[in-house]
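Down below is the structure, laid out as structure tokens.
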Amino acid sequence: MRSVTYSMSVSLDGYIVGPDGGFDWTEPDEDVFRFWIEEIREVGVHLLGRRLYETMLYWETADRDPSLDDSTLEWTALWKPLPKVVFSTTLSAVQGNARLASSGLTEEIERLRAEPGEGDIAIGGATLAAEAAAAGLIDEYRTMVYPVLVGGGIPFFPRHERRVDLELVETRTFNSKVVYLRHRVTRQPARPPGPEGNGHSR
């Protein structure tokens, strides 16, 4: 079954943007950017909320800029054809290889998992990820942790007061002292029904 992943840059105190909405501290160096390029190769479809979709619209036309370096052109060549599903109640149309979600997040993910296809189902944006997490749909949390405390803003992790057990499956430290952490959600196998649940009475 295709994995559902949530991957973004995050401050050490757990925010994807600061109190002022800024995220200039997430500017990747060459090593980190190369890592993101390799990660996007593993994605089969990307789910986005309106805010992140509008932020990423830049990449739909970025390849027209003659000043872009090879790495940026490589990222653009991977991002543009990637299928995207946009969740929005205000947009009436989207650009590029994207479509507006025709149903709720849970239904869309179940449909994508049932369809033939390869690659992860990647979720972008904290609001959409919080909804997926509340429904128990996220399989992996992938954080690119920057050595900065921003003091508030939009949190990476949802605040739904629900315990989620994780297993650390990969870690990497970059020259810029940015640390990548990949955690997999550990789910307990379903327990077989006990004597009280087998339909027999004593």
Heavy-atom closest pair, residues Gly136 and Arg162: CA-NH2, 3.8 Å
message: For Tyr15 and Phe23: C-alpha separation, side-chain torsions, deciding distance, then whether ring-ring contact (aromatic ring centres under 6.0 Å, His included) applies.
response: CA-CA 9 Å; Tyr15 297 94; Phe23 51 92; over 10 Å; no
- line: For Arg187 and Leu137 the tightest heavy-atom approach is NH2-C, 4.0 Å
query: Mind checking whether Lys177 and Tyr146 have side chains closer than 4.5 Å, heavy atoms only?
result: no
field: Closest non-hydrogen atom pair, Ala93 against Leu100
entry: N-CD1, 3.9 Å
message: Please evaluate residues Leu78 and Ile37 with respect to the criterion side chain to side chain contact (heavy atoms under 4.5 Å, CB included), reporting the C-alpha separation (whole Å), side-chain torsions for both, the decisive distance (0.1 Å), and the verdict.
response: CA-CA 8 Å; Leu78 292 167; Ile37 288 174; 3.7 Å; yes
message: Set out, in order, the CA-CA distance, both residues' side-chain angles and the distance that settles side chain to side chain contact (heavy atoms under 4.5 Å, CB included) for Ile154 and Arg51, then state yes or no.
response: CA-CA 13 Å; Ile154 298 176; Arg51 184 182 304 172; 3.1 Å; yes
message: As an exercise, state the distance from CG of Leu128 to OG of Ser88, rounded to the nearest 0.5 Å.
response: 11.0 Å
task: Examine distances only and state if a side-chain atom of Arg2 and a backbone atom of Glu118 form a donor-acceptor pair shorter than 3.5 Å.
output: yes
N-O pairing of Glu39 and Arg142 below 4.0 Å: yes
- prompt: Roughly how far apart are Thr89 OG1 and Arg50 CZ, rounded to 0.5 Å?
  reply: 8.0 Å
query: Is the shortest side-chain N to carboxylate O distance from Glu108 to Arg99 below 4.0 Å?
result: yes
- prompt: Any side-chain heavy atom of Ile121 sitting closer than 4.5 Å to one from Arg113?
  reply: yes
field: N/O donor-acceptor pair under 3.5 Å between Thr143 side chain and Val145 backbone
entry: no
Any side-chain heavy-atom pair of Val148 and Val150 under 4.5 Å: yes
message: Between Glu107 and Ser102, is the side chain to side chain contact (heavy atoms under 4.5 Å, CB included) condition met? List the steps.
response: CA-CA 9 Å; Glu107 292 77 11; Ser102 57; over 6 Å; no
message: Taking atom CG as the centre, does Asp70 end up with more than 12 heavy-atom neighbours from other residues, nucleotides or ligands that are less than 6.0 angstrom away?
response: no
message: Taking the side chain as everything from C-beta on, heavy atoms only, tell me whether Asp165 gets closer than 4.5 Å to Val185.
response: no
query: Taking the six-membered ring for Trp, are Tyr53 and Phe87 ring centroids under 6.0 Å apart?
result: no
Backbone of Tyr141 reached by a side-chain donor or acceptor of Arg184 within 3.5 Å: no
field: Any donor-acceptor pair under 3.5 Å from Asp65 side chain to Ser67 backbone
entry: yes
query: Looking just at side-chain N and O atoms, do Asp69 and Ser71 make a donor-acceptor pair shorter than 3.5 Å?
result: no
message: Quick one, Val86 and Leu47 - any side-chain contact, counting heavy atoms below 4.5 Å?
response: no
query: Can you say whether the rings of Trp75 and Trp59 are parallel (under 30°), tilted (30 to 60°) or perpendicular (over 60°)?
result: perpendicular
- prompt: Can you say whether the rings of Trp79 and His46 are parallel (under 30°), tilted (30 to 60°) or perpendicular (over 60°)?
  reply: perpendicular
query: Is a donor on one side and an acceptor on the other found under 3.5 Å between the side chain of Thr72 and the backbone of Leu68?
result: no
- request: Could you tell me whether Tyr180 and Phe35 have their ring centroids closer than 6.0 angstrom?
  value: yes
Sub-4.5 Å side-chain heavy-atom contact between Ile109 and Ile123: yes
- prompt: Under a 4.0 Å N-O cut-off, is there an ion pair linking Arg34 with Glu38?
  reply: yes
query: Less than 4.5 Å apart, any side-chain heavy atom of Val43 and any of Leu82?
result: yes
- request: Work out which heavy atom in Met144 is nearest to a heavy atom in Phe174; give both atom names and the distance.
  value: SD-CE1, 3.5 Å
field: Shared hydrophobic cluster for Val169 and Tyr6 (ILVMFWY, side-chain gaps under 4.5 Å)
entry: no
Short side-chain to backbone donor-acceptor contact, Lys80 and Asn97, under 3.5 Å: no
query: For the side chain of Asp139 and the backbone of Val4, is there at least one donor-acceptor N/O pair under 3.5 Å apart?
result: yes
- line: To the nearest 0.5 Å, atom CG of Asp120 lies from atom CD1 of Ile40 at 9.5 Å
- request: For Thr5 and Ser3, run side chain to side chain donor-acceptor pair (under 3.5 Å): C-alpha distance rounded to whole Å, both residues' side-chain angles, the deciding distance at 0.1 Å, then the answer.
  value: CA-CA 6 Å; Thr5 64; Ser3 292; over 6 Å; no
- request: Take Ser176 and Val32, measure what side chain to side chain contact (heavy atoms under 4.5 Å, CB included) needs, and give me the verdict at the end.
  value: CA-CA 9 Å; Ser176 56; Val32 172; 4.1 Å; yes
- prompt: Just by modelled atom types, is the Leu149 backbone N or O under 3.5 Å from a matching donor or acceptor in the Asp13 side chain?
  reply: no
field: Which atom of Ala132 lies closest to which atom of Ile138, heavy atoms considered
entry: CB-CG1, 3.9 Å
query: Looking at Ile16 and Ala126, what are the two nearest heavy atoms and their distance?
result: CD1-CB, 3.7 Å
- prompt: Looking at His183, Arg182, Glu140, which hits side chain to side chain contact (heavy atoms under 4.5 Å, CB included) with Leu166?
  reply: His183
